[in-house]
Amino acid sequence: MLSLARTAVRLSARGTQWIAARQSHHKHVPDFHDKYGNIILLGGALFCVSIWGYVATQTGIEWNLSPVGKVTPKEWREK
């Protein structure tokens, strides 16, 4: 059982070394996301913030964030 475990560890170590060596010789070609990913992310965030800023400040929506002072109690009815 111990020799089987040693063999498994050696094989996994060799496989890891082989993959690392193979990847180090492979040139990484930048794709679309490498080139434009951060720009698109920042552009989308800027668009979202600007639209919500417009909606919150220019459309006149009453957001009713706090009910304090706006809720009045109803008259109590006794039967």
Side-chain angles (χ1 to χ4, degrees):
M1 186 69 174
L2 187 59
S3 64
L4 180 63
R6 284 184 192 163
T7 305
V9 168
R10 285 183 192 146
L11 286 176
S12 66
R14 281 187 198 156
T16 304
Q17 289 171 352
W18 181 74
I19 290 171
R22 183 181 64 176
Q23 288 177 350
S24 68
H25 295 307
H26 180 69
K27 282 191 172 183
H28 177 70
V29 178
D31 62 355
F32 177 82
H33 299 288
D34 292 332
K35 288 183 179 178
Y36 306 110
N38 291 335
I39 294 170
I40 291 175
L41 181 66
L42 291 174
L46 179 65
F47 176 77
C48 184
V49 167
S50 62
I51 293 299
W52 275 109
Y54 173 78
V55 168
T57 60
Q58 302 297 318
T59 58
I61 295 175
E62 291 185 23
W63 296 94
N64 296 327
L65 297 177
S66 174
V68 175
K70 297 176 185 173
V71 177
T72 56
K74 294 181 181 179
E75 292 289 328
W76 181 259
R77 290 191 238 159
E78 290 188 34
K79 290 187 178 182

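Bear in mind the structure is a predicted one, so any value in this text is a computation, not a measurement.
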Asker: Could you work out, with side-chain hydrogen bond (donor to acceptor under 3.5 Å, both in side chains) as the rule, every residue matching Asp34, not counting sequence neighbours?
Answerer: His28
Asker: Run the side-chain donor-acceptor check on residues 39-53: report pairs under 3.5 Å with partners two or more places apart or on a different chain.
Answerer:
{"unit_1": "Ser50", "atom_1": "OG", "unit_2": "Leu46", "atom_2": "O", "d": "3.1"}
{"unit_1": "Ser50", "atom_1": "OG", "unit_2": "Phe47", "atom_2": "O", "d": "2.8"}

Asker: Among all residues two or more places apart in sequence or in another chain, which pass the side-chain contact (heavy atoms from CB on, under 4.5 Å) test with Thr59?
Answerer: Tyr54, Val55, Ile61
